[in-house]
Amino acid sequence: MLTIADQKTRLGEAARSFLASSRKMLIDGQWVAAQSGRTIDVVDPATGLVLVDVPGGGAADVDRAVAAARRAFEGAWSGFRPVQRERLLLKLADLLEANADELAELETIDNGKLLMMSRHADLTLAIDSLRYMAGWATKIEGTTITPSFSYVPPGMEFTSQTLREPVGVVGQIIPWNFPLVMAIWKIAPALAAGCTVILKPAEDTPLTALRLGELVCEAGFPDGVVNIVTGDAEPGVALVDHPGVDKIAFTGSTEVGQIIQRRAADSMKRLSLELGGKSPVVILKDADVGMAVQGAAQAVFFNHGQVCTAGSRLFVERPIYDAVMEGLAEVANSFALGSGFDSETQMGPLISAKQRDRVQGFLETGRKEGGRLLAGGSPVEGGGFFFRPAVFADTRPDMTIYREEIFGPVLSATPFDDVDTAVRLANDSIYGLGASVWTNNLSLANRVVRKLKAGNVWVNCHNLLDPAVPFGGYRMSGYGSELGHAARDLYTESKSVTTLLS
């Protein structure tokens with residue numbers, strides 16, 4: 001049994017003060033309760049204890065937020081020059097950096113992840129992404145074209161140009177696995193492009209989004225440019241359906257992404273969807289076994305397996321298959337589970353009891369369908385939502401744990417005899433978000449990379465992200481890349497202008 005005491009006592013003064021005060025939503029520069037008066041509890045996944053309650057927003061609150069965002073878009077915000085938007089975003093990045101310790105503590109108590117990861121991975125990536133995206137505000141450019149118009153009379157001269165303009169009011173819906181990073185990935189490029197936003201954080205993890213809202217106000221953004229509406233699914237549905245929203249940016253499951261796509265069809269909203277994955281990790285026989293074992297373990301167990309690019313399908317060339325599986329079972333069994341605030345902890349809890357039970361259901365199905373469980377695969381008794389990382393060997397393409405996204409620390413492994421078979425197995429999925437290949441033969445690695453059907457492919461590494469490198473998926477993993485120059489295009493429309501000169 002794993003029992004952890006109330007973790008609010010582990011927080012610094014700033015984070016404790018944040019939790020002690022009444023939490024409200026940000027709409028039009030004001031902190032407000034839900035119009036219905038409804039609230040939802042925010043739970044510490046390491047203890048199961050309620051931390052605080054936040055407004056349970058609904059359609060009426062979304063109406064107010066959309067109206068505020070529209071006023072700001074057509075009013076004060078439209079008068080800000082690109083360099084002014086850039087400076088505000090850079091100021092916000094400075095504020096994140098100045099409050100990084102508090103934000104990391106809030107992320108850990110809200111999500112359950114290790115404090116070291118919250119501080120040195122999530123906060124670093126969020127701040128770097130914000131500063132990178134700030135630079136795009138002054139680099140949104142069009143083109144000039146000399147058109148031919150061969151069907152008009154001779155002697156007439158024309159010029160054409162393209163303009164990139166902000167798409168407008170954007171509804172942004174983010175998941176619970178990387179709450180602050182996902183919030184920054186959404187709002188930063190939108191604001192750089194000149195859009196206004198309504199951010200809907202996941203109901204399980206709203207805390208850092210609300211603290212970010214306070215920093216947005218402190219940075220000096222005009223009222224209504226950034227609005228934050230908390231709640232369950234209701235405000236998310238209201239955003240998708242709202243006629244005043246020009247675009248929806250969503251990160252989450254493929255199933256919900258499909259619902260959003262169908263609901264947005266009537267209004268032809270612009271969409272960008274970063275959805276699920278079942279990412280393959282391909283280890284070739286010449287790979288260093290120790291490095292490959294550690295890499296494969298990191299690929300699937302990072303952030304407790306709650307990662308859209310988690311390397312949850314492992315393919316190992318047969319000559320080293322047994323050695324790799326033995327190593328992975330040893331790694332999985334060695335993880336120290338516990339509070340993210342303890343330096344000895346190597347894996348925290350899953351996000352909720354619902355998610356823990358979901359993962360447990362997949363484990364039971366895996367056993368029934370003939371998977372060979374080498375390690376882990378059981379919930380830990382106690383107040384939190386802990387689950388021991390699991391390794392299945394000899395899984396087959398017809399097995400549920402092989403095909404479906406589990407979003408937990410569960411690995412399914414399969415041997416292969418030749419590279420063509422490995423590529424075929426890796427591509428045999430409805431998803432196409434991430435993949436990695438492990439080998440000392442870089443020529444072979446590059447040939448495999450070109451054959452893998454995934455938007456993000458790593459060689460001898462996995463799950464590494466940088467603000468300058470686009471991130472997006474193929475197939476059922478969605479469309480519209482975030483990060484890099486691609487993020488600029490997510491939040492702008494292209495307008496063609498032709499002028500008769502003579």
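Computed from a predicted structure; not experimentally measured.
Leu103 and Thr208 get closest at one heavy-atom pair: O-CG2, 3.6 Å. Here the shortest heavy-atom pairing between Phe301 and Val410 reads CE2-N, 4.4 Å. What you find for Val170 and Gln172 is that their closest heavy atoms are CG1-CG, 3.6 Å. The shortest non-hydrogen separation linking Ala390 to Leu363 is CB-CD1, 3.8 Å. The shortest heavy-atom contact between Gln7 and Ala46 is NE2-CB, 3.4 Å. For the residue pair Gly434 and Pro280, the shortest heavy atom distance occurs at O-CD, 3.2 Å.
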Query raised in the report: Does the salt bridge (Lys or Arg N to Asp or Glu O under 4.0 Å) test come out yes or no for Asp246 and Arg70, once each step is laid out?
Result: CA-CA 10 Å; Asp246 300 303; Arg70 179 62 63 187; 2.8 Å; yes

Requested in this report: Could you please spell out the steps behind the side chain to side chain contact (heavy atoms under 4.5 Å, CB included) verdict for Asn177 and Phe407?
Outcome: CA-CA 10 Å; Asn177 56 342; Phe407 224 66; 3.4 Å; yes

Query raised in the report: For Glu13 and Arg16, what are the C-alpha separation, side-chain angles and deciding distance, and is it a salt bridge (Lys or Arg N to Asp or Glu O under 4.0 Å)?
Result: CA-CA 5 Å; Glu13 183 179 350; Arg16 283 200 309 271; 5.6 Å; no

Report task. Go through Thr309 and Ser279 one step at a time and tell me if the side chain to side chain donor-acceptor pair (under 3.5 Å) criterion holds. Result -> CA-CA 6 Å; Thr309 52; Ser279 299; 5.5 Å; no

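In this structure, Arg23 forms a cation-pi arrangement with Phe18, its terminal cationic atom sitting closer than 6.0 Å to the ring centre and no more than 45° off the ring axis. A cation-pi arrangement, defined by a distance under 6.0 Å to the six-membered ring centre and an angle within 45 degrees of its axis, is absent between Arg388 and Phe335.
With hydrogens and angles left out, the side-chain atoms of Ser129 and Arg131 include no donor and acceptor closer than 3.5 Å. Thr365 and Thr400 form no side-chain donor-acceptor contact under 3.5 Å, judged by distance and modelled atom types alone. For the residue pair Ser352 and Lys354, no side-chain donor N or O sits within less than 3.5 Å of a side-chain acceptor on the partner. Side chains of Gln294 and Gln298: no donor on one and acceptor on the other come within 3.5 Å. In this model, no donor atom of one side chain and acceptor atom of the other lie less than 3.5 Å apart for Ser339 and Thr345.
Asp342 contributes atom CG, which lies 10.0 Å from atom CG of Leu114 (distance to the nearest 0.5 angstrom). Ser118 OG to Lys113 NZ: the interatomic distance, rounded to the nearest 0.5 Å, is 5.5 Å. Rounding to the nearest 0.5 Å places CG of Leu125 at 11.0 Å from CG of Leu130. To the nearest 0.5 Å, atoms OH (Tyr132) and CD1 (Ile184) are separated by 15.5 Å. In this structure, the separation between CG on Leu483 and CG on Asp466 is 8.0 Å, given to the nearest 0.5 Å. Summarising the geometry, atom CG belonging to Leu464 is positioned 11.0 Å from atom CG belonging to Asn456; distances are rounded to the nearest 0.5 Å.
Relative orientation of the Phe221 and Trp77 rings is tilted, given thresholds of 30° and 60° on the angle between their planes. Taking the six-membered ring where the residue is Trp, His462 and Trp458 present tilted rings, their angle falling between 30° and 60°.
Proximity of a side-chain donor or acceptor of His304 to a complementary backbone N or O of Gln306 within less than 3.5 Å is not detected. Lys269 contributes a side-chain N or O that, together with a main-chain N or O of Val240, makes up a donor-acceptor pair within less than 3.5 Å. In this structure, Thr162 contributes its side chain and Ser496 its backbone to no donor-acceptor pair below 3.5 Å. Between the side chain of Thr254 and the backbone N or O of Met476, at least one donor-acceptor pair lies under 3.5 Å.
Atom CZ of Arg119 is surrounded by more than 12 heavy atoms from other residues, nucleotides or ligands within 6.0 Å. Atom CZ of Arg81 has 12 or fewer neighbouring heavy atoms from other residues, nucleotides or ligands inside a 6.0 Å radius. Residue Arg270 places its CZ atom among 12 or fewer non-hydrogen atoms of other residues, nucleotides or ligands, all under 6.0 Å distant.
For the side-chain contact (heavy atoms from CB on, under 4.5 Å) criterion with Gln355, the lone passing option out of Trp176, Phe385, Phe387 is Trp176. Test Leu89, Val83, Leu88 against Glu86 for side-chain contact (heavy atoms from CB on, under 4.5 Å) and you get one pass: Val83. Residue Ile27 is tested with Val66, Ile228, Asn227 for a side-chain contact (heavy atoms from CB on, under 4.5 Å); the sole match is Asn227.
Inter-residue side-chain proximity for Trp185 and Phe178 is flagged as unmet; no heavy-atom pair is nearer than 4.5 Å. In this structure the side chain of Leu314 never reaches within 4.5 angstrom of the side chain of Val300, judged on heavy atoms.
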Distance-only donor-acceptor pairs under 3.5 Å for side chains of residues 196-207, two or more places apart:
unit_1, atom_1, unit_2, atom_2, d
Thr196, OG1, Ala69, O, 2.9
Lys200, NZ, Gly231, O, 2.9
Lys200, NZ, Asp232, O, 3.0

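Under the 4.0 Å criterion applied to side-chain N and carboxylate O atoms, Lys186 and Glu482 are assigned as salt-bridge partners.
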